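Labels below follow one simple rule: chain letters A, B, ... track the order of the sequence lines, proteins then strands, and each chain is numbered from 1. This is a predicted model, so every value here is computed, not measured. Below, each value reflects all heavy atoms present in this structure, side chains not excepted, and no hydrogens, waters or symmetry copies.
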Protein chains: 2
Amino acid sequence: MAKDKVNIYDVAKKAGVGIGTVSRVLNNSQKVKEETRDKVLEVMKELNYRPNKLAQNLASQTANAIAVIVPTFIDHYFVEVLKGIQDALEEEKIDLILYKIDKDEKMMDKIMDIVQSKKVDGIAAVTMDISKQDYKDLLKEDIPVVLADEKTSDFHSIYLDDIKGAEMAINYLLNLGHKKIAFIDGLKESQHGSDRLKGVKKALESRNLQLVSELLKFGDFHTKDGYQSMQEILSLPEEKWPTAVFAASDNQAIGVLQAMEEKELKAPDDIAVVGYDNIELAKYLKITTIWQPMYQLGHLTIEVLLKAINGEIEGKFSKELELKLLKRETA
Amino acid sequence: MAKDKVNIYDVAKKAGVGIGTVSRVLNNSQKVKEETRDKVLEVMKELNYRPNKLAQNLASQTANAIAVIVPTFIDHYFVEVLKGIQDALEEEKIDLILYKIDKDEKMMDKIMDIVQSKKVDGIAAVTMDISKQDYKDLLKEDIPVVLADEKTSDFHSIYLDDIKGAEMAINYLLNLGHKKIAFIDGLKESQHGSDRLKGVKKALESRNLQLVSELLKFGDFHTKDGYQSMQEILSLPEEKWPTAVFAASDNQAIGVLQAMEEKELKAPDDIAVVGYDNIELAKYLKITTIWQPMYQLGHLTIEVLLKAINGEIEGKFSKELELKLLKRETA
DNA sequence: CTGTTAGCGCTTTCAA
DNA sequence: TTGAAAGCGCTAACAG
């Protein structure tokens, strides 16, 4: 009985106008006589009419939505970014479609699917390492793409400099007088891991110091990796122990601290510790760390994307966000 | 030059078939002679054709997407839920549109917008307290709706029982021999807050005990709220101090612990402390707490939603997820 | 098995 | 200002 699907024709008929007019009041486009508009609006209310966005989008060739693409996990790292994204989208009546895409061979294909599906007007890819893939197909499309946490000149890009971050940490320790510094890196293969290693070496070399191979470990950014690495280091003869440890993530730094605690070693007195990320726990444990502006990263990414969609950006936008060393109590 | 937008007609023409056939191979619907199908597939590859989903959706009257609606903040509480949602969506080729909607007067209207926009086939609302609103319009629509972390019989619903959770905590303390127990609740107005208070009273009364008004505090679930509340409690004459404190969130429990530390009070020896949520930090600080299965909540919500969309559910699905008391070192 | 045709519900010229 | 008509790109009968 209840004709569930009231459409623009129903409104037009009941209001005694053409669908073109209804469409016009819907979009506030062109002039519509106030009297007519009021009548239409009234009927829309009566019928409880709301436009079918799918149809609007198809007809207008815009999706009123953006895609945010993230790799495998929505972890705590990503929460701040997402908050920034959300806030930047606030007020805009633009939908956020969240895609989780693994970084494998099929990655670019899946992204192309999204692009050509026409369901979104723009794409924000967070730490997807797109610049390491074959992205020429994506370049051919004229859809705006912003890469967050990834530096490249082929797309708009907002990024952090891991090399600098690592240098900051090491220089800080160096200035404190430390000379034997251990570095517990993340995954060797990850961009973050390799860049942070570069930064460490660079900082050390600028003082004519070398990174001792026994004091360089790799892990997966997790607590247990830091714990294991530190255990290995502490199993070295004591004279080889470092006076400071820089961990590529706070989680690893926590593992380091645990390994130290088991040997009744205290930071910073016995061995100083610096982490990376500034996670909640780091604040609580008063770990000196490198803070990354994740919220800003998300926010700016969307700001740029929206501007790009509106054609308000010339060329490729590129911006490095500043890191900060948070001096606390472990170093 | 490059005719960017290759559509189904281009494919049909080049393959020498009708668009109906192309559509059939696209959807694997009906039989298509293998030879024809191969030809079409080949042409699609050549032309790098990918279907316009907007058009597909409009024509097929399905969106291939679901909406996940959450209130103001994507906070750490929500991360686990989102992970569960994501994992449940894995394999399905269904898009996830994330809507953040404030719980104000406009809430239901915004939700109706989403429903009638036809952009999604179903809705998962997480802790939105929809059952406290005027939701009859939503009920009229025949779109599947699943409420997560909210109990109701008008929609599918997956929920947690805060009353039970609070009872568990209090009973645990009672069994440990505590009789003077303080309760630091969350917001008085929140469903969680009021239910947990009910649970506390219920558990106490079952042993003929009363909740002393001086030992009942309200806060906003944050660390500083717990801290302040505990300070107030500790400013009472010492004979009025509780021997145990139950905080409605781990964050508040941490605040409690801080306030105690300042007075050189230890948990559990001086005063026992139980939290709620099982956040990361609680694990690290070894806080005894009530664990809520947030990941499962997200996962099951989507499972149910997908089934409902496929018409595989009779009546209203309703399930309570079990809480667990995690016994650690503060109580 | 497959081509043709009629929508899906809107936006957008084009005239009037 | 406004109505009519032509799409947007695809799905889904309906014949054949």
Are [X] and [Y] close enough for a salt bridge, meaning some N to O gap below 4.0 Å?
| X | Y | result |
| --- | --- | --- |
| B:D109 | A:R50 | yes |
| A:D95 | A:K119 | no |
| B:E80 | B:K83 | yes |

Using a heavy-atom cut-off of under 4.0 Å over every strand shown, decide if [X] touches base, sugar-phosphate, or nothing.
| X | answer |
| --- | --- |
| A:T21 | sugar-phosphate |
| A:V22 | nothing |
| B:S29 | nothing |
| A:N27 | sugar-phosphate |

Using OP1 and OP2 only, check whether a side-chain N or O of [X] sits under 4.0 Å from [N].
| X | N | answer |
| --- | --- | --- |
| A:Q56 | C:dT11 | yes |
| A:Y9 | D:dA4 | no |
| B:Q61 | D:dC10 | no |
| B:T36 | C:dC1 | no |
| A:S23 | C:dT11 | yes |

Rounded to the Å, how far apart are [X] [atom1] and [N] [atom2]?
| X | N | atom1 | atom2 | value |
| --- | --- | --- | --- | --- |
| B:E34 | C:dT2 | CD | P | 11 Å |
| A:I8 | D:dA4 | CD1 | P | 13 Å |
| B:K13 | D:dG9 | NZ | C1' | 15 Å |
| A:N28 | C:dT11 | CG | C1' | 14 Å |
| A:N64 | C:dC10 | CG | P | 15 Å |
| B:L58 | D:dC8 | CG | P | 14 Å |
| A:D38 | D:dT1 | CG | C1' | 15 Å |
| A:K118 | D:dG9 | NZ | P | 9 Å |

(request) Would you mind telling me which residue lines up with the more 5' stretch of DNA chain C, B:I19 or B:R37, judged by nearest nucleotide? (result)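 It is B:R37 whose nearest nucleotide is closer to the 5' end.
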(request) Take A:F155 and A:L138 through the test side chain to side chain contact (heavy atoms under 4.5 Å, CB included) and record every step on the way to the result. (result) CA-CA 10 Å; A:F155 299 94; A:L138 182 52; 3.9 Å; yes
(request) Might you confirm whether atom NZ of B:K13 has over 12 heavy atoms from other residues, nucleotides or ligands at distances under 6.0 Å? (result) no
(message) Are more than 12 heavy atoms, taken from residues, nucleotides or ligands other than A:E34, located less than 6.0 Å from that residue's CD atom?
(response) no
In terms of side-chain heavy atoms of [X], which of [options] is nearest?
| X | options | result |
| --- | --- | --- |
| B:A55 | C:dT2, C:dG9, D:dC10 | D:dC10 |
| A:L26 | C:dT11, D:dC10, C:dC8 | C:dT11 |
| B:R24 | C:dT4, D:dG9, C:dT13 | C:dT4 |
| B:A59 | C:dT11, D:dG9, C:dC1 | D:dG9 |

(request) Select from B:L54 and B:G20 the residue whose nearest nucleotide in DNA chain D is closer to the 5' end of that strand. (result) B:L54
